[in-house]
**Student:** 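First the structure, then my questions, so here it is.
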Amino acid sequence: MDGLDGPVLDVAPRLLGAELTSDLGGERVAVRIVEVEAYAGEGQDPASHAHRGRTRRNATMFGPPGLAYVYFTYGMHWCLNVVTSPPGTGAAVLLRAGSVVHGLEAVRRRRARPDDRVPADRDLGRGPARLTAALAVTGEQDGLDLLDGSGPLRLRLAPTSQERVEAGPRVGVGAAPSRPWRFWLADEPAVSAYRAGGRRRTR
DNA sequence: CATTTGATGTACT
DNA sequence: GTACATCAAATGG
């Protein structure tokens with residue numbers, strides 16, 4: 001069971017402490033995953049992209065464990081998930097935050113603002129879209145295998161973690177808001193801020 | 001500090 | 001039309 005094909009609530013916390021290496025954008029960057037969220041498969045989780053079955057966008061979720069599911073959100077950001085269930089199921093784990101352990105200078109360049117100001121180190125990968133920006137991940141990586149060691153994105157699971165894991169509700173999720181399916185490493189400064197889901201006033 | 005809002009594409013009702 | 005697994009700037013106290 002070094003694989004990722006168990007129940008998503010078991011697999012998600014096991015991704016904490018994993019190291020994700022990217023050779024995208026011509027530079028090597030590695031992060032240590034410190035925060036994740038579980039999304040269950042078709043018909044089991046109203047907040048999951050897989051809830052209503054397979055579509056073009058979520059097709060990768062229904063592939064085998066270890067694939068990268070990358071989606072575009074809010075018109076400008078990419079988010080990266082790891083598929084964790086057998087083909088046809090649709091469960092995945094969103095990688096929500098990581099701390100940079102290699103390639104800090106490259107990440108600072110990538111995350112620099114238009115006015116050249118650079119976020120504090122702890123903020124470089126703090127949030128799902130910040131994490132993909134740090135790693136130079138885009139939709140082109142959707143469907144890549146993260147576990148076979150052959151591609152530009154490689155995930156190496158941590159040995160049995162001895163760190164304290166905490167759990168709470170998922171961030172920004174309106175449907176099924178009470179499920180404590182977000183997991184993070186205690187005392188990690190790169191864990192993102194909680195924000196309740198739900199509607200913003202429309203205008 | 002906390003809270004609100006603009007940016008911007010896609011999926012769905 | 002409206003919501004959305006978001007971020008950063010702007011605004012208010």
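In what follows, every chain begins at residue 1, and chains take the letters A, B, ... in the order their sequences are listed.
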**Student:** Given dA7(B), dT6(C), dA11(B), identify the nucleotide with an atom nearest to the side chain of Cys79(A).
**Tutor:** dT6(C)
**Student:** Distance check needed: dA5(C) C1' versus Leu95(A) CG, whole Å only.
**Tutor:** 12 Å
**Student:** What integer distance in Å separates Trp78(A):CH2 from dC7(C):P?
**Tutor:** 15 Å
**Student:** May I ask which nucleotide in the shown strands pairs with dA2(B), Watson-Crick or G-U wobble, both distances under 3.5 Å?
**Tutor:** dT11(C)
**Student:** Paired with dT8(B) by Watson-Crick or G-U wobble geometry, both distances under 3.5 Å: which nucleotide is it?
**Tutor:** none
**Student:** Can a side chain N or O of His49(A) be found less than 4.0 Å away from OP1 or OP2 on dA5(C)?
**Tutor:** yes
**Student:** Do the side chain of Asn58(A) and the main chain of Gly53(A) share a donor and acceptor less than 3.5 angstrom apart?
**Tutor:** yes
**Student:** For dA5(C), does the base pair up with any side-chain atom of Tyr74(A) as donor and acceptor (N or O, under 3.5 Å, distance only)?
**Tutor:** no
**Student:** Give Arg111(A) one of three labels, base, sugar-phosphate or nothing, depending on what nucleic acid heavy atoms sit under 4.0 Å from its own.
**Tutor:** sugar-phosphate
**Student:** Do Phe72(A) and His77(A) have ring centroids that are under 6.0 Å from one another?
**Tutor:** no
**Student:** Which comes earlier along DNA chain C counting from the 5' end, the contact point of Tyr39(A) or that of Pro114(A), where each point is its nearest nucleotide?
**Tutor:** Tyr39(A)
**Student:** Could you give the distance separating dT3(B) and dA5(C) at their P atoms, to the nearest angstrom?
**Tutor:** 22 Å
**Student:** Treating Thr84(A) as the side-chain partner and Val8(A) as the backbone partner, does any N or O pair qualify as donor plus acceptor under 3.5 Å?
**Tutor:** no
**Student:** A side-chain contact here means heavy atoms from C-beta on lying under 4.5 Å apart; do Val82(A) and Leu146(A) qualify?
**Tutor:** yes
**Student:** Specify the separation, in whole Å, of atom CZ of Phe72(A) and atom C1' of dA3(C).
**Tutor:** 16 Å
**Student:** Expressed as a whole number of angstroms, how long is the span from Asn58(A):CG to dC12(B):C1'?
**Tutor:** 13 Å
**Student:** Expressed as a whole number of angstroms, how long is the span from Arg117(A):CZ to dA8(C):C1'?
**Tutor:** 9 Å
**Student:** Roughly how many Å is it from CG in Asp115(A) to C1' in dA10(C), rounded to a whole number?
**Tutor:** 14 Å
**Student:** Looking at dA11(B), I'd like to know if its phosphate oxygens (OP1 or OP2) sit under 4.0 Å from a side-chain N or O belonging to Arg52(A).
**Tutor:** no
**Student:** What's the NE2-C1' distance between His77(A) and dA11(B), to the nearest Å?
**Tutor:** 17 Å
**Student:** Are the side chain of Arg110(A) and the backbone N or O of Ala133(A) linked by a donor-acceptor pair below 3.5 Å?
**Tutor:** no
**Student:** Kindly confirm or rule out a cation-pi arrangement of Arg170(A) over Tyr39(A), judged by NZ or CZ under 6.0 Å from the six-membered ring centre and within 45° of its axis?
**Tutor:** yes
**Student:** Using whole Å, report how far CG of Leu124(A) lies from C1' of dT6(C).
**Tutor:** 17 Å
**Student:** Could you tell me whether Ala129(A) contacts a base, only the sugar-phosphate backbone, or nothing, with contacts defined as non-hydrogen atoms closer than 4.0 Å?
**Tutor:** sugar-phosphate
**Student:** Of the listed nucleotides (dA9(C), dA7(B), dA5(C)), which one gets closest to any side-chain atom of Tyr69(A)?
**Tutor:** dA5(C)
**Student:** Quick one: is Arg130(A) getting a side-chain N or O under 4.0 Å of the dA8(C) phosphate, OP1 or OP2?
**Tutor:** yes
**Student:** Can you see if the side chain of Arg195(A) gets near the phosphate of dC7(C) - specifically, an N or O under 4.0 Å from OP1 or OP2?
**Tutor:** no
